[in-house]
Amino acid sequence: MRIVALHTDFRIYWPARLKALNEALKRSGDTLHVIEIAGAGSPYSFAVKEKNTDLSWHILFPDEKPENLSGAKIKPKLFSLLDELNPDVIIAGAIAFPSGALATHWAHLKKKKIIIFDDAKINSVPRNFLVNLIKRSVYNEVDALLYPAESWDNTGNFWGFDKERIFYGLDVVDNDFWGKSYHSKIKHDDFFVAVGRQVPKKNFLSIVKAYKRYINLLEPKDCVKLLLVGDGSEHEQIKQYIHQNGLETHVMLLPFLKQEELASVYQKAKALIINSTAEETWGLVINEAMAGGCPILASKQCGATDVLVRDEINGYTFNFNDIETLSNLMHRYCLLSPQQQQAMRYASKEIIKEWGLPRFVQGCAEAINFVASNPKRKSSIMSRVICALWKGRYNPI
């Protein structure tokens, strides 16, 4: 079979996933082609994409940002390439984006099978009746879904999919990479760490506010430091808060790091803190940190929390807007004995073992085999019309 993986872009975690999938498909006598819509302007543009000469990799608009590309502009070029590659199965990103929307339309026209991967739950983003109607109509043309875990089943059911058409394996990282030991430039080995784009849904400022309260609970000399890694629209606001509250000696700011450097940070940190809102559909820094043996303090609203973080086993959970509880948990964790902290580190590594690249490969393979051996879903005239009209859109965040 010929398989196409298609998305807006495939950066940061995706090259390792696609490489593993490609190797598995080759062993089965199948071929994988990768299509990216845009080559510039990703929110993760700080991450250098690993070159993979063993993959058939196509970038439709290598110098364009996705927000500058309309579905109408993408469609002819994408359809032409899909016609040329003529895949039996497409694995595409969410239908909200042009990649998933246009791929679904092409698959309908050519009577090919399509699998959509997504990690947004129905409560992650507010939608009105019309948006839900459009999405359900487009989903009627989709053959299967690839989600992170079983807790996404209700979302799949909401969009009209039975259990047999829902598969799991999305949102994994290369655990072997993150578990290796790397040379660290960080001199400190006693700090909390928060990593990511400093944008509203990540809630970094509230982490600093909780940290300030944590300091007030103890003598400053007894407090571990806080390391913030990343950048974003709220970076200057965070810097200003640190300065105004005299936290410069306690809060360290670093730009985005190379992955090897970041892995060493996780391995030295007391714990990772992530305080995202429900808009954070997963939060792969949790995977990274756990693979490095790092305990987790995570907001319950973050998508990965209920799957990967177990209270008092490998970390603690809290509500994203509860600064008091977060500061208390920082204090509570630091009061644990070295043996108890080490047990949490071990638990993180054990839990994340099932969330490596083989999980992604297995989920994709099961979905591919299912759609290949079953007829396309039947849909209504209205669904086909809406699918033809909807071209998706890209909203940068």
Do any N or O atoms from the side chain of R393 and from the backbone of S70 form a donor-acceptor pair under 3.5 angstrom? no
Does the pair N154 and I122 meet the rule for a side chain to side chain contact (heavy atoms under 4.5 Å, CB included), with working shown? CA-CA 8 Å; N154 287 341; I122 53 174; 5.5 Å; no
Within this structure, what is the NZ-NZ distance for the pair K111 and K113, rounded to the nearest 0.5 Å? 12.5 Å
For K75, check side chain to side chain donor-acceptor pair (under 3.5 Å) against everything at least two apart and list the hits. none
If you define the side chain from C-beta out and look only at heavy atoms, does anything of D118 sit under 4.5 Å from L145? no
Give the minimum heavy-atom separation between D88 and M1, together with the two atoms involved. OD2-CA, 3.4 Å
After noting the C-alpha distance and the side-chain angles of I90 and I115, does the key distance pass the side chain to side chain contact (heavy atoms under 4.5 Å, CB included) rule? CA-CA 6 Å; I90 299 176; I115 301 159; over 6 Å; no
Flag for R213-N328: side-chain donor and acceptor within less than 3.5 Å: yes
Donor-acceptor pair between N140 and S383 side chains, under 3.5 angstrom: yes
Parallel, tilted or perpendicular, judged at 30° and 60°: which one describes the rings of W14 and F117? tilted
Close side-chain approach of V173 to I352, heavy-atom, < 4.5 Å: no
Can you list, pair by pair, the side-chain donor-acceptor contacts under 3.5 Å of residues 284-300, counting residues two or more places apart and other chains?
from: N287; atom 1: OD1; to: W282; atom 2: NE1; distance (Å): 2.8
from: N287; atom 1: ND2; to: D171; atom 2: O; distance (Å): 3.1
from: E288; atom 1: OE1; to: Y266; atom 2: OH; distance (Å): 2.6
from: E288; atom 1: OE2; to: Y13; atom 2: OH; distance (Å): 2.7
from: S299; atom 1: OG; to: S276; atom 2: N; distance (Å): 3.1
from: S299; atom 1: OG; to: S276; atom 2: O; distance (Å): 2.7

Return the CG to CD distance between L262 and Q267, rounded to the nearest 0.5 Å. 10.0 Å
Are E23 and L21 side-chain neighbours, meaning at least one heavy-atom pair lies under 4.5 Å? no
F191: ring pair (Phe, Tyr, Trp, His ring centres under 6.0 Å) partners, not counting sequence neighbours: none
L102 versus F79: any side-chain heavy-atom pair under 4.5 Å? yes
Please, which pairs that meet ring pair (Phe, Tyr, Trp, His ring centres under 6.0 Å) have at least one residue in residues 304-350, sequence neighbours excluded? none
Check: K73 and E64 side chains under 4.5 Å, non-hydrogen atoms: yes
Answer yes or no: are there more than 12 heavy-atom neighbours, outside E354 itself, under 6.0 Å from its atom CD? no
Using residues 223-244 as the side-chain source, report each donor-acceptor pair under 3.5 Å to any protein atom, sequence neighbours left out, with the distance given to one decimal.
from: K225; atom 1: NZ; to: T249; atom 2: O; distance (Å): 2.6
from: H235; atom 1: ND1; to: Q198; atom 2: OE1; distance (Å): 2.7
from: H243; atom 1: ND1; to: E248; atom 2: OE2; distance (Å): 2.7

Side chain to side chain contact (heavy atoms under 4.5 Å, CB included) evaluation trace for R136 with L133: CA-CA 5 Å; R136 277 201 186 94; L133 175 64; 5.7 Å; no
Looking only at heavy atoms, which two atoms of I368 and I3 are closest? And how far apart? CG2-CD1, 4.0 Å
Determine, step by step, whether T155 and Y147 satisfy the side chain to side chain contact (heavy atoms under 4.5 Å, CB included) criterion, reporting the C-alpha distance in whole Å, the side-chain angles of both residues, the deciding distance to 0.1 Å, and the verdict. CA-CA 10 Å; T155 296; Y147 280 152; 3.5 Å; yes
Indicate the atoms forming the closest heavy-atom contact of L247 with K212, along with that distance. CD1-CB, 4.2 Å
Answer with yes or no whether the side chains of E36 and W57 bring together a donor and an acceptor at under 3.5 Å. yes
Cluster companions of I323 among Ile, Leu, Val, Met, Phe, Trp, Tyr (side-chain spacing under 4.5 Å): none
Checking one residue: I381. Which other hydrophobic residues are in its cluster under the side-chain 4.5 Å linking rule? V385, L389
With a cut-off of 3.5 Å and sequence neighbours excluded, list every side-chain donor-acceptor pair involving residues 356-363.
from: R359; atom 1: NH2; to: P148; atom 2: O; distance (Å): 2.7
from: Q362; atom 1: NE2; to: E366; atom 2: OE2; distance (Å): 3.0

Using a cut-off of 6.0 Å, state whether more than 12 heavy atoms not belonging to K77 lie near its atom NZ. yes
Whether H7 and F10 hold their rings parallel, tilted or perpendicular, with breakpoints at 30° and 60°: tilted
Is it the case that S379 and E141 place a side-chain donor and acceptor less than 3.5 Å from each other? yes
Output, in order, the C-alpha distance, side-chain angles, deciding distance and verdict of ring pair (Phe, Tyr, Trp, His ring centres under 6.0 Å) for F167 and F370. CA-CA 10 Å; F167 300 86; F370 175 85; 5.7 Å; yes
Give a yes or no answer on whether the side chain of N314 reaches the backbone of L308 with a donor-acceptor pair at less than 3.5 Å. yes
Closer than 3.5 angstrom, by distance alone: can the side chain of T325 be matched with the main-chain N or O of D322 as a donor-acceptor pair? no
dist L336:CG -> K270:NZ (nearest 0.5 Å) comes out at 9.0 Å
Rounded to the nearest 0.5 Å, what's the gap from CD1 on I207 to OG on S327? Could you check? 12.5 Å
Side chains of L69 and P98: closer than 4.5 Å at any heavy-atom pair? no
Contacts of N128 that satisfy side chain to side chain donor-acceptor pair (under 3.5 Å) - sequence neighbours left out: none
Here the pair of heavy atoms bringing L6 nearest to L78 is CD1-CD1, 4.0 Å
Does the side chain of R165 come within less than 4.5 Å of R377's, by heavy atoms? yes
Looking at W152, is K121 sitting on its ring face, NZ or CZ under 6.0 Å from the six-membered ring centre and within 45 degrees of the normal? yes
Which residues end up grouped with L335 if you chain together Ile, Leu, Val, Met, Phe, Trp and Tyr wherever their side-chain heavy atoms are less than 4.5 Å apart? none
Do W390 and S137 touch side chain to side chain, with heavy atoms closer than 4.5 Å? no
According to side chain to side chain donor-acceptor pair (under 3.5 Å), who are the partners of Q339, at least two apart in sequence or on a separate chain? S337
To the nearest 0.5 angstrom, please state how far the CG atom of D174 sits from the NZ atom of K19. 9.0 Å
Partner set under side chain to side chain donor-acceptor pair (under 3.5 Å) for S373, not counting sequence neighbours: none
Verdict with supporting geometry, F161 and Y139, ring pair (Phe, Tyr, Trp, His ring centres under 6.0 Å): CA-CA 9 Å; F161 289 83; Y139 267 130; 5.5 Å; yes
For residues D9 and A38, report the shortest heavy-atom separation together with the two atoms involved. CB-O, 3.7 Å
Short side-chain donor-acceptor distance under 3.5 Å, W159 and N132: no
Could you check whether Y211 and N216, counting side-chain N and O atoms only, form a donor-acceptor pair closer than 3.5 Å? no
For the student: nearest non-hydrogen atoms of C387 and T104, plus distance: SG-CG2, 3.8 Å
Looking at OG of S206 and CD1 of I273, how far apart are the two atoms once the value is rounded to the nearest 0.5 Å? 10.0 Å
